[in-house]
Amino acid sequence: MNILFLCTANIQRSKTAEELFGAADKSNTYRSAGLSKKYVQKAGSTLCTEEMLEWADEIYVFEQMHIERIREYTGDTYLHKIANLAIADNYQYFQRELVLQLLERLPLKHMPPVYPNI
């Protein structure tokens with residue numbers, strides 16, 4: 001499955017989610033991007049494109065305003081793929097509290113046991 005994480009600038013929340021789940025779950029493909037051209041250009045990060053929205057089987061955003069921004073540019077086309085994680089922009093990249101909230105909202109269901117024979 002192709003999973004896309006979107007936040008405002010793609011430097012804290014969505015980037016953390018992409019790298020966290022990409023390292024922990026090899027059964028899916030993870031990407032991330034930002035929805036604000038201004039902040040993405042300032043940070044030198046990845047801006048979301050419609051091709052990314054098409055590529056994704058599931059899209060996770062962090063705030064309601066992210067859904068509204070997608071709707072503004074693409075109508076209702078991708079809304080059926082989107083879930084709001086409702087995590088405020090209060091965290092730094094890979095901050096412990098951010099990681100814990102991500103794992104709480106998106107548990108790693110397909111993770112094999114670390115010691116399968118014990």
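This chain uses plain numbering: 1 for the first residue, then up along the sequence.
With values rounded to the nearest 0.5 angstrom, Asn2 atom CG is found 11.5 Å from Met52 atom CE. Rounding to the nearest 0.5 Å places NZ of Lys81 at 9.5 Å from CH2 of Trp55. Note: Ser14 OG to Ile87 CD1 = 11.0 Å, rounded to the nearest 0.5 Å. Atom CE of residue Met65 and atom CG of residue Asn84 lie 10.5 Å apart, to the nearest 0.5 angstrom. One finds the CG atom of Leu53 at 7.0 Å from the CD1 atom of Ile82 (value rounded to the nearest 0.5 Å). With rounding to the nearest 0.5 Å, the separation of SG in Cys48 from OH in Tyr73 is 11.5 Å.
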Assess the residue pair Leu103 and Leu20 against the criterion (side chain to side chain contact (heavy atoms under 4.5 Å, CB included)); give the C-alpha distance rounded to whole Å, side-chain angles, the decisive distance to 0.1 Å, and a yes or no. CA-CA 9 Å; Leu103 292 172; Leu20 172 67; 4.1 Å; yes
CA sep, side-chain torsions, deciding dist, call: His66, Cys7, side chain to side chain contact (heavy atoms under 4.5 Å, CB included): CA-CA 7 Å; His66 298 143; Cys7 68; 4.2 Å; yes
Please evaluate residues Val40 and Ile11 with respect to the criterion side chain to side chain contact (heavy atoms under 4.5 Å, CB included), reporting the C-alpha separation (whole Å), side-chain torsions for both, the decisive distance (0.1 Å), and the verdict. CA-CA 8 Å; Val40 164; Ile11 55 175; over 6 Å; no
Just do the side chain to side chain contact (heavy atoms under 4.5 Å, CB included) check on Leu102 and Tyr60 with the steps written out, would you? CA-CA 11 Å; Leu102 285 166; Tyr60 293 98; over 6 Å; no
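Proximity of a side-chain donor or acceptor of Thr46 to a complementary backbone N or O of Ala33 within less than 3.5 Å is not detected. For Glu58 (side chain) and Ile3 (main-chain N/O), no donor-acceptor pair under 3.5 Å exists by modelled atom type.
Within the structure, side-chain hydrogen bond (donor to acceptor under 3.5 Å, both in side chains) contacts touching residues 29-40 (residues at least two apart or in different chains) are Asn10-Ser32, Glu18-Ser32, Asp25-Tyr30, Asn28-Tyr30.
Both Val61 and Leu4 belong to a single network of hydrophobic side chains, linked directly or stepwise wherever heavy atoms of I, L, V, M, F, W or Y lie under 4.5 Å apart. Under a hydrophobic clustering in which Ile, Leu, Val, Met, Phe, Trp and Tyr are joined whenever their side-chain heavy atoms come within less than 4.5 Å, directly or via other members, Tyr78 and Met1 fall into different clusters. Both Ile59 and Ile67 are assigned to one and the same hydrophobic cluster, defined by single-linkage of ILVMFWY side chains at heavy-atom distances under 4.5 Å. Both Phe5 and Leu98 are assigned to one and the same hydrophobic cluster, defined by single-linkage of ILVMFWY side chains at heavy-atom distances under 4.5 Å.
The pair Arg13-Asp89 meets the salt-bridge criterion, with a side-chain N (NZ, NE, NH1 or NH2) lying under 4.0 Å from an Asp/Glu carboxylate O.
The two residues Leu35 and Arg69 make their nearest non-hydrogen contact at O-NH1, 2.9 Å.
With sequence neighbours excluded, the residues forming a side-chain hydrogen bond (donor to acceptor under 3.5 Å, both in side chains) with Glu68 are Gln64, Arg71, listed by chain and number. Under the side-chain hydrogen bond (donor to acceptor under 3.5 Å, both in side chains) criterion, Tyr91 pairs with Gln101, not counting sequence neighbours.
Heavy atoms of other residues, nucleotides or ligands lying less than 6.0 angstrom from CZ of Phe94 number more than 12.
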